[in-house]
A.B. asks: 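Below: one structure in structure tokens.
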Amino acid sequence: PSPPRPPSCAGAEPLPPSGSIDMSLVLVVHGGGGSNISTDRKERMRQGIARAATEGYNILKEGGSAVDAVEGAVAVLENDPEFNAGCGSVLNVNGDVEMDASIMDGKNLSAGAVSAVRCIANPIKLARLVMEKTPHCFLTGHGAEKFAADMGVPEIPVEKLITERSKKHLEKEKQEKGAEKPDCPKNTGTVGAVAMDCNGNLAYATSTGGIVNKMIGRVGDSPCIGAGGYADNNIGAISTTGHGESILKVNLARLTLFHIEQGKTAEEAAELALNYMKSKLKGLGGLILISKTGDWVAKWTSVSMPWAAAKDDKLQTGIDFGDTKIVDLP
Ligand SMILES: *[C@@H]1O[C@H](CO)[C@@H](O)[C@H](O)[C@H]1NC(C)=O
Ligand SMILES: *[C@@H]1O[C@H](CO)[C@@H](O)[C@H](O)[C@H]1NC(C)=O
């Protein structure tokens with residue numbers, strides 16, 4: 001039996017017939033596939049993803065749309081300096097921040113993306129404005145920044161996005177250049193969210209600072225619809241993380257949903273797609289996925305991936321294999 005619907009959903013739209021379809025509210029977030037996270041940082045990351053998932057789930061409970069929820073959850077992670085998105089983004093070869101983000105509404109495949117944007121706090125909000133206020137899907141660099149200014153998005157000094165940790169990370173990377181295989185994600189990834197709302201609508205959002213020591217103008221998978229994420233109410237919603245160049249080459253998000261279209265479960269589809277990327281390209285990564293039936297999965301081939309899932313008023317969190325914790329949500 002489905003839980004009661006939030007009042008704002010009642011009568012808003014006829015609900016799809018229930019039955020085998022589980023129409024509960026679902027919100028899943030990730031904090032990036034990666035490796036070698038220190039123990040104290042792990043705890044801060046677990047708290048951060050729990051906060052983001054709770055924020056997104058509360059938006060759903062108040063009757064908000066899946067798009068509202070994924071935007072809200074990702075903004076929490078962009079504002080958290082522990083994660084490689086917004087404040088806390090990794091630095092490019094010049095010590096500068098260039099961020100990418102995308103968002104998609106599974107109801108009608110509306111999508112918005114920005115890449116190589118600087119000096120704004122929340123690229124995911126700008127991606128949503130691209131989706132809703134322009135006839136386009138994707139704005140980049142200077143044009144995206146001009147659009148942000150036109151929309152009244154406040155410009156912030158780049159220093160507000162740069163942390164001590166990201167400065168040290170760049171220094172270390174420059175010293176150890178070539179020591180780590182390029183197809184292994186570093187210990188910071190991307191952030192993302194997927195949601196199912198009270199009308200059964202699906203959405204995804206993904207945001208990132210990219211990869212440390214990247215070339216100026218490098219764009220990864222995160223803003224690319226079909227690679228960094230995808231949402232279609234007829235199939236599912238997915239946000240990906242990991243080695244961006246590999247994710248782009250296999251179109252990881254759309255590839256995973258293709259397996260679901262072919263009759264695989266969410267779990268099987270995630271495993272098939274991630275293993276394909278690993279065997280074909282030695283590319284490591286992770287993903288979160290909600291299928292149209294409300295089943296969700298968090299899977300990764302990297303060493304770790306902070307994730308959190310809220311459903312049926314329970315919150316699950318994890319970082320490494322087999323360390324899942326479950327708590328009741330208030
Ligand atoms: C992993 O982290 C530990 C402690 O933070 C560090 O000593 C070690 O060098 C790291 N290993 C790699 C491969 O980066
Ligand atoms: C898609 O749906 C959203 C939300 O219901 C709506 O705001 C938007 O105008 C729709 N876009 C198109 C292209 O139909």
A.B. asks: Give, for atom CD1 of Ile290 and atom CD1 of Ile235, the distance between the pair rounded to the nearest 0.5 Å.
C.D. replies: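 Reported value, rounded in 0.5 Å steps: 14.5 Å.
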
A.B. asks: State which residues pass salt bridge (charged side-chain N to carboxylate O under 4.0 Å, His left out) with Lys314; sequence neighbours excluded, sorted by chain then number.
C.D. replies: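 Here the qualifying residues are Asp328.
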
A.B. asks: Looking only at atom types and distance, does a side-chain atom of Asp100 sit under 3.5 Å from a main-chain N or O of Ala116, one as donor and one as acceptor?
C.D. replies: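 Judged by distance alone, yes, a pair lies under 3.5 Å.
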
A.B. asks: Quick one: does any side-chain atom of Lys311 pair with a main-chain N or O of Gly294 as donor and acceptor, under 3.5 Å?
C.D. replies: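 Between the backbone of Gly294 and the side chain of Lys311 there is a qualifying donor-acceptor contact (under 3.5 Å).
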
A.B. asks: Scan side-chain atoms only and decide if Ser222 and Thr206 contain a donor-acceptor pair under the 3.5 Å cut-off.
C.D. replies: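 Thr206 and Ser222 do not have a side-chain donor-acceptor pair below 3.5 Å.
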
A.B. asks: Could you measure the distance from the CG atom of Asp40 to the CZ atom of Arg44? Nearest 0.5 Å is fine.
C.D. replies: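 If we round to the nearest 0.5 Å, Asp40:CG and Arg44:CZ are 5.0 Å apart.
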
A.B. asks: If you define the side chain from C-beta out and look only at heavy atoms, does anything of Leu126 sit under 4.5 Å from Glu145?
C.D. replies: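 The answer is no; the side chains never approach within 4.5 Å.
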
A.B. asks: Apply salt bridge (charged side-chain N to carboxylate O under 4.0 Å, His left out) to Glu267 and list each qualifying residue two or more places apart in sequence or on a separate chain.
C.D. replies: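 Glu267 satisfies salt bridge (charged side-chain N to carboxylate O under 4.0 Å, His left out) with Lys299 once adjacent residues are dropped.
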
A.B. asks: Has the side chain of Glu268 got a donor or acceptor atom that lies under 3.5 Å from a matching backbone atom of Thr265?
C.D. replies: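 Indeed, once roles are kept as given, a pair shorter than 3.5 Å links the two residues.
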
A.B. asks: Can you tell me how far apart CD (Gln175) and CG (Leu170) are? Round to the nearest 0.5 Å.
C.D. replies: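 So the gap between those two atoms works out to 10.0 Å.
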
A.B. asks: When you compare the side chains of Tyr204 and Ser102, does any donor N or O come within less than 3.5 Å of an acceptor on the partner?
C.D. replies: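 Present: a donor and an acceptor within the cut-off.
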
A.B. asks: Hey, does the side chain of Lys168 reach the backbone of Thr163 with a donor-acceptor pair shorter than 3.5 angstrom?
C.D. replies: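 No; judged by distance alone, with no hydrogens or angles, the pair does not exist.
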
A.B. asks: With the side chain counted from C-beta on, respond yes when Cys137 and Ile225 share a heavy-atom pair under 4.5 Å apart, and no when they do not.
C.D. replies: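 No; the side chains remain at least 4.5 Å from each other.
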
A.B. asks: Could you give all pairs that pass the salt bridge (Lys or Arg N to Asp or Glu O under 4.0 Å) test and reach residues 47-60, with sequence neighbours left out?
C.D. replies: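 Counting only pairs at least two positions apart or across chains, the salt bridge (Lys or Arg N to Asp or Glu O under 4.0 Å) contacts touching residues 47-60 are Arg51-Asp80.
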
A.B. asks: Looking at Gly33, is its backbone amide N or carbonyl O close enough to the side chain of Thr241 to form a donor-acceptor pair, meaning the two atoms are under 3.5 Å apart?
C.D. replies: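 Pair found, side chain donor or acceptor close to backbone of Gly33.
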
A.B. asks: Just wondering, do Met277 and Lys282 contact through their side chains at under 4.5 Å, heavy atoms?
C.D. replies: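 Lys282 does not reach Met277 side chain to side chain.
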
A.B. asks: Does one hydrophobic cluster hold both Phe258 and Leu289, with members joined at side-chain heavy-atom distances below 4.5 Å?
C.D. replies: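 No, because Phe258 and Leu289 fall into different hydrophobic clusters, even though each may have its own neighbours under 4.5 Å.
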
A.B. asks: Please walk me through it: do Arg41 and Ser38 pass side-chain contact (heavy atoms from CB on, under 4.5 Å)?
C.D. replies: CA-CA 5 Å; Arg41 184 154 181 234; Ser38 67; 3.3 Å; yes

A.B. asks: Listing request: all salt bridge (Lys or Arg N to Asp or Glu O under 4.0 Å) pairs with a residue in residues 236-245, at least two apart in sequence or in separate chains.
C.D. replies: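 The answer is Arg218-Glu245.
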
A.B. asks: Would you confirm whether Ser279, through its side chain, and Asn275, through its main-chain N or O, come within 3.5 Å as a donor-acceptor pair?
C.D. replies: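 Side chain of Ser279 to backbone of Asn275, a donor-acceptor pair under 3.5 Å: yes, one is there.
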
A.B. asks: Can you confirm whether Ile211 sits close enough to Val90 that some side-chain heavy atom of one is under 4.5 Å from a side-chain heavy atom of the other?
C.D. replies: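 Not in contact.
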
A.B. asks: Using side-chain heavy atoms (C-beta onward) and a distance below 4.5 Å, is His30 in contact with Ser239?
C.D. replies: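 With C-beta onward as the side chain, the pair touches.
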
A.B. asks: On the 0 to 90° scale, with breaks at 30° and 60°, tag the Trp307-Trp296 ring pair as parallel, tilted or perpendicular.
C.D. replies: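 It falls in the tilted class, 30° to 60°.
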
A.B. asks: What residues form a salt bridge (charged side-chain N to carboxylate O under 4.0 Å, His left out) with Glu132, not counting sequence neighbours?
C.D. replies: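 Applying salt bridge (charged side-chain N to carboxylate O under 4.0 Å, His left out) to Glu132 gives Arg128.
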
A.B. asks: With side-chain contact (heavy atoms from CB on, under 4.5 Å) as the test, pick out the partner of Val74 among Val29, Asn122, Val191.
C.D. replies: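 Among the candidates, only Val191 passes.
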
A.B. asks: Hey, does Met45 have a side-chain heavy atom less than 4.5 Å from the side chain of Ile37?
C.D. replies: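 Answer yes - side chains close enough.
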
A.B. asks: Tell me whether Leu139 is reachable from Met99 by hopping between hydrophobic residues (I, L, V, M, F, W, Y) whose side-chain heavy atoms are closer than 4.5 Å.
C.D. replies: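 The answer is yes; both residues are in one hydrophobic cluster.
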
A.B. asks: Apply the side-chain hydrogen bond (donor to acceptor under 3.5 Å, both in side chains) test between Ser207 and each candidate in Glu71, Glu78, Lys125; give the one that qualifies.
C.D. replies: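 Among Glu71, Glu78, Lys125, the one meeting side-chain hydrogen bond (donor to acceptor under 3.5 Å, both in side chains) with Ser207 is Glu78.
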
A.B. asks: Counting only N and O atoms by type, is there a donor-acceptor contact under 3.5 Å from the side chain of Lys174 to the main-chain atoms of Val93?
C.D. replies: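 Here the side-chain-to-backbone pair exists.
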
A.B. asks: Excluding sequence neighbours, so at least two apart, what forms salt bridge (charged side-chain N to carboxylate O under 4.0 Å, His left out) with Glu261?
C.D. replies: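 For Glu261, the residues satisfying salt bridge (charged side-chain N to carboxylate O under 4.0 Å, His left out) (neighbours in sequence not counted) are Arg254.
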
A.B. asks: If you measure from OH on Tyr230 to CG on Leu257, what distance do you get to the nearest 0.5 Å?
C.D. replies: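 If I round to the nearest 0.5 Å, the distance is 8.0 Å.
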
A.B. asks: Between Ile49 and Phe83, is there a side-chain heavy-atom distance shorter than 4.5 Å?
C.D. replies: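 Of all side-chain heavy-atom pairs linking Ile49 with Phe83, at least one is under 4.5 Å.
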
A.B. asks: Less than 4.5 Å apart, any side-chain heavy atom of Lys61 and any of Asp313?
C.D. replies: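 They are in contact (side-chain heavy atoms under 4.5 Å apart), so the answer is yes.
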
A.B. asks: Out of curiosity, Ile124 CD1 to Thr208 OG1, how far, rounded to the nearest 0.5 Å?
C.D. replies: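 The OG1 atom of Thr208 is 11.0 Å from CD1 of Ile124, to the nearest 0.5 Å.
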
A.B. asks: Once you round to the nearest 0.5 Å, how far does CE of Met215 lie from CD of Glu98?
C.D. replies: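 Reported value, rounded in 0.5 Å steps: 11.0 Å.
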
A.B. asks: Using modelled atom types only, decide if a donor and an acceptor are shared between the side chain of Asp197 and the backbone of Ala66 within a distance under 3.5 Å.
C.D. replies: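 At least one qualifying donor-acceptor pair exists.
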
A.B. asks: With a 4.0 Å cut-off, would you call Arg46 and Asp323 a salt bridge?
C.D. replies: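 Asp323 and Arg46: salt-bridged.
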
